[in-house]
Amino acid sequence: GAVVSQHPSRVICKSGTSVKIECRSLDFQATTMFWYRQFPKQSLMLMATSNEGSKATYEQGVEKDKFLINHASLTLSTLTVTSAHPEDSSFYICSARDLWQGQETQYFGPGTRLLVL
Amino acid sequence: AQSVSQHNHHVILSEAASLELGCNYSYGGTVNLFWYVQYPGQHLQLLLKYFSGDPLVKGIKGFEAEFIKSKFSFNLRKPSVQWSDTAEYFCAVTYNAGNMLTFGGGTRLMVKP
């Protein structure tokens with residue numbers, strides 16, 4: 001399957017700082033990437049859809065000014081958690097959409113664990 | 001609202017037992033269906049997917065799933081589980097050729113050696 005990477009895998013930061021998380025599709029181009037949060041023992045919650053060359057689409061309840069998304073190229077999307085607070089501590093997962101032979105499939109990155117002190 | 005239900009939250013099996021994990025989705029038009037697996041400490045991996053054609057889909061590691069349109073179901077099966085199948089399994093659906101995945105709540109499978 002297609003490979004998606006995320007960097008960093010873990011980050012600890014102080015409250016009030018900003019954290020940038022990168023999501024890369026390594027062996028395919030992705031016009032669309034997705035950002036999720038996964039809370040302990042829960043399923044994934046879609047935060048936003050990242051579209052290459054245009055603004056991201058945010059799900060209801062997700063603050064676009066707090067979670068800045070940039071999709072500057074076909075292989076890279078970034079999520080910046082601005083002015084992070086302890087309640088932002090979570091596991092953030094990205095996925096990239098691969099369109100192969102007319103079949104759209106999302107491939108997931110390994111996730112980034114964020115801890116805000 | 002479109003939704004996906006996985007009724008089994010936790011399943012415990014002994015090795016060599018057969019597995020069936022339920023997945024039901026709400027009606028919302030045409031669907032594409034997926035099963036993902038998340039092994040402990042690892043990221044989500046695609047097990048199998050259904051887009052069209054034969055409703056019995058075979059995936060990796062001996063897993064298969066059957067799309068039953070009349071029951072809005074896409075249950076995952078494996079005839080004989082192994083300890084290494086211990087993981088969390090997620091059913092997911094896209095509707096009407098959209099690109100947004102709707103996930104089920106996940107099923108944690110523990111296989112006892």
Side-chain angles (χ1 to χ4, degrees), chain A residues 1-7 9-10 21 23-26 28 30-52 56-62 71 77 91-113, chain B residues 1-10 21 23-25 30-54 57 59-61 63 65 67 87-110:
Chain A
V3 180
V4 177
S5 71
Q6 275 183 249
H7 177 80
S9 57
R10 298 173 186 267
I21 303 170
C23 177
R24 294 182 186 271
S25 55
L26 296 185
F28 66 102
T31 56
T32 306
M33 294 184 175
F34 302 86
W35 287 96
Y36 296 83
R37 280 179 80 163
Q38 187 177 29
F39 294 97
K41 300 184 179 181
Q42 294 189 32
S43 186
L44 283 76
M45 182 192 80
L46 179 65
M47 298 174 64
T49 303
S50 170
N51 301 297
E52 189 268 337
T57 305
Y58 291 82
E59 295 302 301
Q60 193 171 11
V62 179
H71 194 155
S77 174
F91 194 51
Y92 293 88
I93 302 173
C94 75
S95 71
R97 186 186 68 150
D98 184 28
L99 182 60
W100 176 250
Q101 294 183 335
Q103 295 186 354
E104 288 191 21
T105 304
Q106 286 187 34
Y107 293 94
F108 287 81
T112 296
R113 193 164 296 282
Chain B
Q2 293 152 348
S3 64
V4 179
S5 299
Q6 292 179 242
H7 303 294
N8 312 108
H9 299 295
H10 291 90
L21 301 182
C23 172
N24 289 90
Y25 61 92
T30 57
V31 292
N32 295 324
L33 300 147
F34 306 82
W35 275 97
Y36 288 90
V37 60
Q38 189 171 29
Y39 296 102
Q42 296 189 29
H43 64 284
L44 279 166
Q45 300 173 39
L46 181 67
L47 263 183
L48 49 79
K49 58 186 177 181
Y50 172 81
F51 281 76
S52 63
D54 188 345
V57 180
I60 61 172
K61 305 187 180 186
F63 286 92
F67 171 49
E88 187 159 16
Y89 293 80
F90 293 94
C91 179
V93 180
T94 60
Y95 288 87
N96 299 317
N99 55 28
M100 192 182 97
L101 275 171
T102 300
F103 278 89
T107 298
R108 287 181 179 267
L109 170 66
M110 178 182 292

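A note on names: the letters A, B, ... follow the listed sequences, proteins ahead of strands, and every chain is numbered from 1.
- Ring geometry for B/F103 against A/Y36 counts as perpendicular: the plane angle is over 60°, on a 0 to 90° scale with 30° as the lower cut.
- Taking B/T102 as the reference, nothing meets the side chain to side chain donor-acceptor pair (under 3.5 Å) condition, with sequence neighbours excluded.
- Between the side chain of B/Q6 and the main chain of B/C91, a donor-acceptor pair closer than 3.5 Å is present.
- If you measure heavy-atom distances from B/Q45 to chain A, you find no contacts under 4.5 Å at all.
- When heavy atoms are compared at a cutoff of 4.5 Å, A/Q38 approaches chain B solely by way of its side chain, counted from C-beta outward.
- Legend: residues meeting side chain to side chain donor-acceptor pair (under 3.5 Å) with A/S50, ordered by chain and number and at least two apart, are A/H71, A/S77.
- Top candidate by heavy-atom pairs under 4.5 Å with chain B, chosen from A/M45, A/Q6, A/Q106, is A/Q106.
- Looking at A/T105, both its backbone and its side chain come within 4.5 Å of chain B, counting heavy atoms on both sides.
- Although no hydrogens or angles enter the test, the distance criterion places no donor-acceptor pair under 3.5 Å between the side chain of A/N51 and the main chain of A/A56.
- Using a 4.5 Å cut-off between heavy atoms, B/L44 touches chain A through backbone and side chain atoms alike.
- In terms of heavy-atom pairs under 4.5 Å with chain B, the best-connected choice from A/E104, A/R97, A/Q103 is A/Q103.
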